[in-house]
Each structure stands twice: as structure tokens, then as C-alpha cells.
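Naming: A, B, ... by sequence-line order, numbering from 1 per chain.
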There are 2 protein chains.
Amino acid sequence: MYKLSDLPLFSMLNEEQLAIMQSQLHIHQYDKDSIVFYEGEKNQYLYILLEGVVRLYKTTPKGTQIHMHNFEAPEAIALFVAFENVEFPATCEFLSDGYIGLLPLKLFHECLNNTDFSVSLLKALAQRMKLLATLLHKETIFSSEAKIADVLYTNPSIFERLKNNEIAYMLNMTPETLSRLLSKFKKENILKIDGHIVTILDEDALKYIIETNKMRCS
Amino acid sequence: MYKLSDLPLFSMLNEEQLAIMQSQLHIHQYDKDSIVFYEGEKNQYLYILLEGVVRLYKTTPKGTQIHMHNFEAPEAIALFVAFENVEFPATCEFLSDGYIGLLPLKLFHECLNNTDFSVSLLKALAQRMKLLATLLHKETIFSSEAKIADVLYTNPSIFERLKNNEIAYMLNMTPETLSRLLSKFKKENILKIDGHIVTILDEDALKYIIETNKMRCS
DNA sequence: CCTCTTAATTGATATGAATCAAGAATTACT
DNA sequence: AGTAATTCTTGATTCATATCAATTAAGAGG
């Protein structure tokens with residue numbers, strides 16, 4: 001299990017401060033599939049993932065989920081909620097067994113006096129913002145074809161590690177849609193799939209799809 | 001025209017620092033409809049809106065626009081891009097005549113040594129993050145009906161100030177869709193429209209739509 | 001007040017992706 | 001290996017919303 005000092009965010013604090021923080025940290029154990037917090041709840045703590053992997057998602061009125069992000073320990077979760085007194089914009093669920101450290105917000109806010117701390121916090125927040133902006137782009141600009149082309153281009157190894165089922169839900173589309181579009185990509189000789197190994201045959205075609213949301217010829 | 005000191009963000013700096021910053025600020029004049037920066041460009045400056053109103057939007061491959069936010073002076077624009085060396089995630093266009101101050105990023109980064117400055121910057125970033133999270137929610141969770149119910153509930157006066165046309169584009173739907181759904185709302189006695197004044201008759205129905213994406217009966 | 005322009009409405013059709021429903025192909029389990 | 005359980009594929013249908021096209025309504029300028 002990680003400690004506070006393992007997070008780049010807290011590494012700027014001196015040992016004394018760190019000791020205080022660590023002593024005030026409430027550590028909770030979670031089983032796989034358990035929920036850390038629900039979308040819409042209000043928070044009293046900064047949530048720090050000390051061990052395991054969590055998934056953040058939104059739930060639609062129909063009950064389907066919009067996958068946002070996975071986080072691996074060590075990582076602070078829901079950072080911006082710690083500043084604005086707002087509801088969690090997503091639900092946080094463990095994908096493995098793990099531990100969360102709950103840091104009282106009061107204590108967290110006291111750390112802001114430390115310039116190095118607030119600067120590294122700024123950096124961390126900006127990174128989260130980038131994540132959010134990327135997600136917004138994918139969900140509002142990309143077609144399903146473009147989403148698939150994007151993972152194929154940026155992270156093709158995911159097809160070796162996960163089931164198509166799981167990939168579909170990470171891309172916020174149904175497995176049927178993923179299956180159909182992968183077949184289409186195969187037919188257009190953009191890629192080939194042997195067993196679980198995806199080989200990209202035409203990288204330019206992928207770039208074209210990412211830019212235009214459509215396949216070249218048809 | 002506003003000055004740096006009018007932004008809460010910069011108000012924490014002492015007069016000396018502020019004078020240096022203000023002197024290094026390149027001020028540009030823009031006409032209505034002119035573009036401050038395009039989505040995909042890289043930046044060298046922090047953009048500070050000193051006068052006027054701007055609009056941030058993304059452009060889809062088809063050429064349609066996804067409206068993100070309007071900002072009124074005085075306000076810092078594209079804050080998080082100033083930290084991460086990334087491309088602008090949106091295009092910035094003036095809706096009025098106005099002025100932008102360009103602050104060299106180097107100078108901006110030097111201010112981070114000032115704790116009060118970095119704390120108020122944190123606050124500002126967190127607010128932007130909230131804006132982004134809200135936008136993501138609207139675009140991924142809300143149906144068109146729910147988007148309309150949401151403006152009716154949170155900002156009904158907008159119907160007196162703007163044309164339906166403009167409202168539709170702020171909600172990222174076509175004017176036809178807005179028109180059709182407003183008629184549907186009228187037929188269900190959720191609201192009435194006299195001239196340009198919208199009166200909400202059934203607030204609970206609006207809440208229901210926001211929560212479920214659907215109208216109650218049918 | 002009347003034309004001209006702009007905005008709003010209405011209908012028909014198209015589109016992308018979800019949903020529903022089988023079947024086929026893998027993988028896992030004794 | 002043989003059966004059961006999962007996962008993947010394929011087809012038919014539905015759904016929400018955009019698009020295209022035409023008409024009506026409203027507002028502005030002379």
C-alpha cells in the first residue's frame with residue numbers, strides 16, 4: 001500500500017507536515033466492485049487511492065453508464081471537488097480490492113499555505129482538466145468509428161489485454177457497435193485480427209477517420 | 001477597459017508586481033466576430049479578456065459547432081492551457097468588440113511563487129473544471145428535452161433576451177428540435193409562451209424531465 | 001401600411017447508434 | 001474431450017435527432 005509521500009502531490013511537504021497528514025488519514029479497505037462514492041453525493045474528504053484500481057463513471061437515467069476514467073494507485077481522486085463545494089460528478093467504483101485514504105478537507109486546505117504544495121496541486125488539477133477536456137472531445141466530436149480509430153492509434157495493445165466487451169464500455173458504445181465497426185475496418189483492410197492480436201495495416205486511414213469521423217472510400 | 005488588478009486572480013499581487021505585469025501585457029484590440037485563437041493551436045501567452053464578450057466552441061468534422069462557454073470581461077481564458085503544454089481544446093471568438101491582454105507565460109509562471117496568487121489560481125481553475133464537468137454532463141447525459149428543461153429551470157430569462165435560434169445553438173441542438181420540443185412542452189401545459197415571455201406552469205414536470213430525460217405521461 | 005428580410009414552424013426523410021433477438025464461436029470446467 | 005458458460009457476431013427494428021425543404025409568422029425600414 002502506498003503512503004501519502006508516494007504521491008508527487010504530497011512529496012513537497014516536509015516530514016513533519018507529512019507525518020501529521022498521514023496520522024490524520026482515515027484508511028478504508030474496499031473490496032472489488034464496491035463503491036467509494038456515488039455521483040451526486042457531497043464530500044467531506046479528499047479521497048486518495050492508496051492501492052488498487054478504480055473507475056469513475058456517470059449514470060444515465062436509463063441506467064447505462066458513461067465511462068470517464070480509470071485511476072491507479074497512488075492518485076488523488078475527485079480533486080476539484082475538494083475546492084468547490086459541489087456534488088461528485090461521477091461514481092467511483094473499485095475494479096480491484098484496494099485502499100482509500102480519506103484526508104479531512106480542513107487539513108488539506110491548510111496545506112495550501114505551502115507554495116510548493118499549491119503549485120504541484122495546480123499542476124495536478126491542470127492535468128485532470130486535460131483529461132476532462134479530452135473526454136469531452138471524444139464524447140461530443142468523435143463518431144463511434146473515430147473513437148475506435150483513436151484507441152487503435154493511441155493504445156492498440158488494449159485489444160490484447162481486454163475483451164471487446166470491456167473495450168466497448170470504455171469507449172461508451174455497445175459491444176454490437178464495436179463488433180460491427182471492427183468488421184468494417186477489417187473489410188477495408190485497415191487492420192487484421194488474429195486471435196487477440198490486432199495489426200494495423202493502414203495507419204493513414206486511421207488518422208483520416210480520427211479527423212473526419214468517416215472512412216475514406218466507403 | 002479592465003485592468004489586471006480588476007481580476008480577482010491578480011488582486012492578490014502587490015502593486016509593484018502588478019505594475020510589472022501590466023507593463024508586460026500586450027493588449028490587442030478585436031472586432032466583433034474575430035477569432036482570438038483556434039482549436040488546435042499552441043499558445044505562448046495567458047489570454048486575459050479585458051473588454052467584451054467571447055464565445056468558446058469546438059468544431060466538428062462536419063463543420064457544425066459545439067458551444068462551450070461565453071466569457072465576459074474581466075476573465076482569464078483557457079487557464080489550464082497555460083500549465084499543460086497542450087493545444088487549445090476550443091476556438092475563441094469575439095461576440096462583441098473588445099480587448100485581450102496577452103501575458104507571457106514566463107511571467108505568469110513566476111507569479112506562482114506568490115502563495116496567495118497560486119491559491120486564487122487554484123480556486124479559478126477549480127471553477128473552470130466545474131464548468132467543464134457541467135458541460136460534459138449536459139452533452140453526455142441530457143437528452144434534448146432535458147437540456148431545454150434545464151435552461152427553463154435555471155435561466156428562464158434567456159428566452160426574453162435571445163432568439164430561439166441562438167438558444168438552440170447554445171444548447172447544441174438545431175432550431176428545429178428546439179421549436180418542436182417547446183411546442184411539445186406547451187401542449188403538455190408545462191409552460192406557456194406569450195410573445196417572448198415564457199411562463200413556467202409546472203416546475204415539477206421540468207424537474208422530472210431533467211432527472212429522467214423524458215416527459216411524464218407521454 | 002406595405003414590402004423585404006429574418007426567424008420560427010412544420011413535415012418528410014436520413015442517419016448513427018442503441019436495442020432486441022438469435023445464432024456462432026470461444027473459453028472454461030470437470 | 002465434452003458440456004456449460006461466456007463472448008462475439010449478425011440481422012431486424014427502433015429511437016432521437018439532424019437534415020432538407022417549404023411555409024408561415026414576425027419585425028424592420030421606407
Side-chain angles (χ1 to χ4, degrees), chain A residues 58-67 138-151 158-188 191-198 209-210 212-215 218, chain B residues 58-67 138-151 158-188 191-198 209-210 212-215 218:
Chain A
K58 286 175 162 289
T59 306
T60 68
K62 270 191 198 169
T64 61
Q65 299 176 352
I66 304 288
H67 171 82
K138 288 180 185 171
E139 293 303 312
T140 59
I141 303 294
F142 280 0
S143 66
S144 290
E145 285 186 12
K147 285 184 188 176
I148 296 171
D150 183 61
V151 260
I158 200 177
F159 286 88
E160 291 163 37
R161 288 182 286 115
L162 298 179
K163 296 178 245 191
N164 285 5
N165 231 317
E166 295 168 322
I167 295 170
Y169 285 115
M170 290 189 67
L171 298 179
N172 294 319
M173 65 183 67
T174 59
E176 292 96 323
T177 299
L178 178 60
S179 171
R180 281 186 242 272
L181 293 180
L182 281 177
S183 310
K184 204 170 154 196
F185 282 29
K186 265 189 280 184
K187 198 165 20 176
E188 298 286 340
L191 49 81
K192 68 173 200 275
I193 304 180
D194 290 321
H196 271 224
I197 292 150
V198 174
I209 294 167
I210 294 169
T212 65
N213 268 345
K214 297 262 176 199
M215 288 180 38
S218 110
Chain B
K58 287 174 162 289
T59 307
T60 68
K62 270 192 200 169
T64 60
Q65 300 176 351
I66 305 287
H67 172 83
K138 288 180 185 170
E139 292 305 311
T140 60
I141 304 294
F142 279 0
S143 66
S144 291
E145 286 185 12
K147 285 183 188 177
I148 297 171
D150 183 61
V151 259
I158 199 177
F159 285 88
E160 292 163 36
R161 287 182 287 116
L162 299 179
K163 296 178 246 192
N164 286 4
N165 231 313
E166 295 168 322
I167 294 169
Y169 285 115
M170 291 191 65
L171 297 179
N172 294 318
M173 65 183 67
T174 58
E176 291 96 323
T177 299
L178 178 60
S179 171
R180 281 186 242 271
L181 293 180
L182 281 178
S183 309
K184 205 171 155 195
F185 282 29
K186 264 188 279 184
K187 197 164 21 177
E188 298 287 339
L191 50 82
K192 68 171 200 274
I193 303 180
D194 290 321
H196 271 223
I197 292 149
V198 174
I209 294 168
I210 293 170
T212 65
N213 268 345
K214 297 261 177 200
M215 287 181 38
S218 109

Next on the checklist: Before you tell me yes or no, could you show the steps for Ile209(B) and Phe185(B) under side-chain contact (heavy atoms from CB on, under 4.5 Å), namely the whole-Å CA-CA distance, both residues' side-chain angles and the distance that decides it to 0.1 Å?
Outcome noted: CA-CA 11 Å; Ile209(B) 294 168; Phe185(B) 282 29; 3.9 Å; yes
Checklist entry - Hey, mind stepping through Arg161(B) and Ile158(B) against side-chain contact (heavy atoms from CB on, under 4.5 Å) and telling me if it holds? => result CA-CA 5 Å; Arg161(B) 287 182 287 116; Ile158(B) 199 177; 4.0 Å; yes
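Of the listed nucleotides (dT9(C), dG16(C), dT9(D)), dG16(C) has the atom at the smallest distance from the side chain of Lys214(A). Set against dA7(C), dT7(D), dT10(C), the side chain of Ser183(B) has dT10(C) as its closest nucleotide. Nearest to the side-chain atoms of Thr177(B) among the listed nucleotides dT17(D), dT10(C), dG11(D) stands dT17(D).
The separation between Asn213(A) atom CG and dA17(C) atom P is 8 Å, rounded to whole Å. When rounded to the nearest whole Å, the span between NZ of Lys184(B) and C1' of dT10(C) equals 16 Å. Rounded to a whole Å, the NZ atom of Lys163(A) is 7 Å from the P atom of dC8(D). Between the C1' atom of dA8(C) and the CG atom of Leu162(B) lies a distance of 15 Å, rounded to the nearest Å. Leu178(B) places its CG atom 13 Å from the P atom of dT10(C), with the value rounded to the nearest Å. As a whole-Å value, the separation of Ile193(A) CD1 from dA25(C) P is 16 Å. Put simply, CE on Met173(A) is 14 Å from P on dC8(D), counting in whole angstrom units. In this structure, Arg180(B) atom CZ and dA8(C) atom C1' are separated by 11 Å, rounded to whole Å.
Within the 4.5 Å cutoff, side-chain heavy atoms of Leu191(A) are placed close to those of Lys186(A).
Remark: Thr64(A) is not in phosphate contact with dA18(C), judged by side-chain N or O atoms under 4.0 Å from OP1 or OP2. The phosphate of dA17(C) has neither OP1 nor OP2 within less than 4.0 Å of any side-chain N or O from Asn172(A). For dT19(D), one of the phosphate oxygens OP1 or OP2 lies less than 4.0 angstrom from a side-chain nitrogen or oxygen of Lys62(B). In terms of phosphate contacts, Asn165(A) brings no side-chain nitrogen or oxygen within less than 4.0 Å of OP1 or OP2 of dT6(D).
Across all their heavy atoms, Lys58(B) and Thr140(A) have their closest contact at CD-OG1, 4.2 Å. Nearest heavy-atom pair, Asn213(B) versus Ser143(B), reported as atom, atom and distance to 0.1 Å: OD1-N, 2.9 Å.
Remark on DNA chain C: of its neighbouring residues His196(A) and Ser143(A), the 5'-side contact belongs to Ser143(A), judged by nearest-heavy-atom nucleotide. Toward the 5′ end of DNA chain C lies the nearest nucleotide of Glu166(B), the other residue of the pair Glu166(B) and Glu176(A) mapping further downstream.
Looking at heavy-atom distances under 4.0 Å, Ser144(A) makes contact with sugar-phosphate atoms alone, never a base. As judged by a 4.0 angstrom heavy-atom cut-off over every strand, Lys147(B) is placed among residues making no nucleic acid contact.
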